[in-house]
Amino acid sequence: MKGSARAIVLAAGMGTRMKSSRPKVLHEICGRPMLWYTLRALAAAGVRETVVVTNALVDPRVAPLLAEFGARSVIQEPQLGTGHAVQTGLRALPAESGTIVVAYGDMPLVTTHIFSDVLEMVGTSGIGLALATARMPLPSNFGRVIRRGEAVEKIVEERDCSGEERAVNEMNAGIYAYDEPALRAVIDELRNDNAQGELYLTDTVELLIRAGRRVVPVECADYRLVLGVNDRIELANARAILNRRLCDEHMRAGVTIVDPATTYLEPDVAIGPDSIIYPNTSIGGATRIGSQAAVGPNVRISNAIIGDGVQITESVVLDTQIGPHVSIGPYAHLRQGNVLGSDVRIGNFVELKNSTLHAGAKANHLSYLGDSEIGERANIGAGTITANYDGVRKNRTEIGSGASIGSNSTLIAPLRIGDGALTGGGSVVNRDVADGERVAGNPARPLEKKAPL
Ligand code: UD1
Ligand code: CA
């Protein structure tokens, strides 16, 4: 039954072909560990409980990921093959009469409907196993699906294939829906008499048939949905496919992406209609972009909330909130914790950190604004620096609305510059400036009115 299925996800293999100190299933694709995609698809298919089979190295590192999906793990030591991994997973699940889905943690391109399809099929009476298959161009290192009519007769691993079997182009995708009692009845009969000396999960096919159950294939329309990632070349190929899929979703929803091949997106990104993304742009994390925005070329954005009609070119924007119709760049660096009101303008070589700029404020050239609050329509002249760090503490700078900060001003925090105040070019301001006051010099002093002659 679809709603009540449980799942075992295999992720204990060492992934030796990755040549990595990082476990294979934790290598990232579009900002998420590979395993995340399998878990997401399973959750969306309505699987109610998932056990991930890990090893001692992987286990502590997958904990946050499992928490996100309410899944748990079981350690398989040593790793004696995919069949042994499922034996280990089954021991962590109290026996029931439902369906067990088995999937591998190294197939990030898998979609929810592949799981739904095998789940639906296994519900049919007499079927012990429904497994996903795909027609693939040869050569391929996938296990070959050997059929007898409409049913599967056996799966033969590439290394164990005869010449004739190797020419078969229907592959075992690695997605299975088992009738649980049928699986439990045969799983301990697996033997390791094969090229790798492992217990192959795929041998359950012949064991189930011998036990009088049917094994049926569920053919996927597109083999690219089930590509496994075993080395870094396959990792790059999978990333390109997944990224293209993300771009396509946004384009269908009304976003123009000038060059999907050089636009790098992550799954949680949201972009409003009629926005345009120019080439060589990465948008990641929980970024939300409004409509009619123009982003790129050469922009990197992470975890930003960006309003309608915003323009950003050649810049880096991290953990920042940006109001409507703001213009940023080229060559600006917005580090964490900034809030920009509507119509703010940030120009070239400006760095912002933990700063709030209210509506219409401008910092057009060569500035560092850190731990600051800039009032409405204030103008920050070229080369202005907030000296926010006194060697011990980060101090705040407040600049009032309509203030005019002269070029090359150094603002030594903590400091408050009043509404409508002015600093002259080259000022070093180390004391508060009152509303409407005009100061200049080093250290900055009030500008005296010339005495009448
Ligand atoms: C497997 C299938 C093959 C299928 C292919 C699809 C078997 C024997 N072969 O081959 O028919 O076409 O996937 O991608 O199942 N793992 C464990 N414990 C182990 C061994 C492996 O958890 O002891 C995990 C791995 O981490 C991996 C998954 O099982 O996520 C598959 O193992 P892998 O070695 O990649 O199998 P393939 O050779 O790709
Ligand atoms: Ca694999």
Side-chain angles (χ1 to χ4, degrees), residues 7-18 20 22-27 33-39 51-59 61-62 73-90 92 102-110 114 129 131-136 138-146 152 154-161 165-166 168-176 178 187 190-207 215 217 220 223-235 237-238:
I8 298 173
V9 177
L10 307 194
M14 293 308 289
T16 45
R17 287 168 277 178
M18 295 296 283
S20 176
R22 183 197 291 222
K24 177 168 81 173
V25 296
L26 295 182
H27 278 262
M34 234 187 267
L35 178 59
W36 184 87
Y37 294 95
T38 307
L39 294 177
V51 168
V52 179
V53 181
T54 65
N55 63 42
L57 179 71
V58 175
D59 201 63
R61 301 172 71 168
V62 292
S73 65
V74 57
I75 292 179
Q76 179 201 14
E77 275 318 334
Q79 292 90 42
L80 302 179
T82 52
H84 178 248
V86 169
Q87 290 173 349
T88 309
L90 282 173
V102 176
Y104 301 153
D106 65 351
M107 33 197 319
L109 299 170
V110 68
I114 297 178
L129 165 62
L131 58 89
T133 75
R135 305 271 172 195
M136 254 181 223
L138 296 172
S140 158
N141 56 11
F142 275 59
R144 303 302 200 264
V145 175
I146 310 300
V152 178
K154 60 179 174 177
I155 295 169
V156 187
E157 289 309 295
E158 205 262 346
R159 296 179 213 220
D160 300 303
C161 277
E165 288 164 339
R166 194 164 284 125
V168 169
N169 74 348
E170 185 173 21
M171 307 302 168
N172 171 31
I175 290 165
Y176 315 81
Y178 285 94
I187 191 76
L190 293 173
R191 296 292 171 261
N192 64 357
D193 49 357
N194 51 56
Q196 296 190 87
E198 293 187 349
L199 299 182
Y200 286 168
L201 179 63
T202 44
D203 289 344
T204 56
V205 171
E206 284 169 280
L207 294 173
V215 177
C220 298
Y223 74 93
R224 285 168 299 185
L225 299 176
V226 298
L227 287 178
V229 173
N230 299 298
D231 60 28
R232 304 213 193 212
I233 295 166
E234 291 174 342
L235 182 73
N237 291 341

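Just follow the structure's listing: the first ligand is 1, and inside any ligand the first atom is 1.
At a distance under 4.0 Å, no protein heavy atom can be found next to atom 37 (P) of ligand 1.
Protein heavy atom at the shortest distance from atom 34 (O) of ligand 1 is R17 NH2, 4.1 Å. Among protein heavy atoms, the minimum distance from atom 10 (O) of ligand 1 is reached at E157 OE1, 3.8 Å.
Protein atoms of type N, O or S found under 3.0 Å from the Ca ion (ligand 2) total 2.
Distances shorter than 4.0 angstrom do not occur between any heavy atom of P78 and any atom of ligand 1.
Comparing heavy-atom distances from atom 19 (C) of ligand 1 across A12, G15, G81 singles out G81 as nearest.
An N or O contact shorter than 3.5 Å links G143 to ligand 1 by distance.
Of the possible donor and acceptor atoms, one in the side chain of N55 sits under 3.5 Å from a partner among the backbone N and O of A12. The backbone N or O of A195 lies less than 3.5 Å from no partner atom in the side chain of R159, so there is not a single donor-acceptor pair.
Ion pairing between R135 and E170 holds under the 4.0 Å rule for side-chain N and carboxylate O.
Side chain to side chain, Y200 and N192 fail the donor-acceptor criterion of an N or O pair below 3.5 Å. There is no side-chain donor-acceptor pair under 3.5 Å between H84 and E198.
Of all the heavy atoms of Q76, the ones lying under 4.0 Å from any atom of ligand 1 belong exclusively to the side chain.
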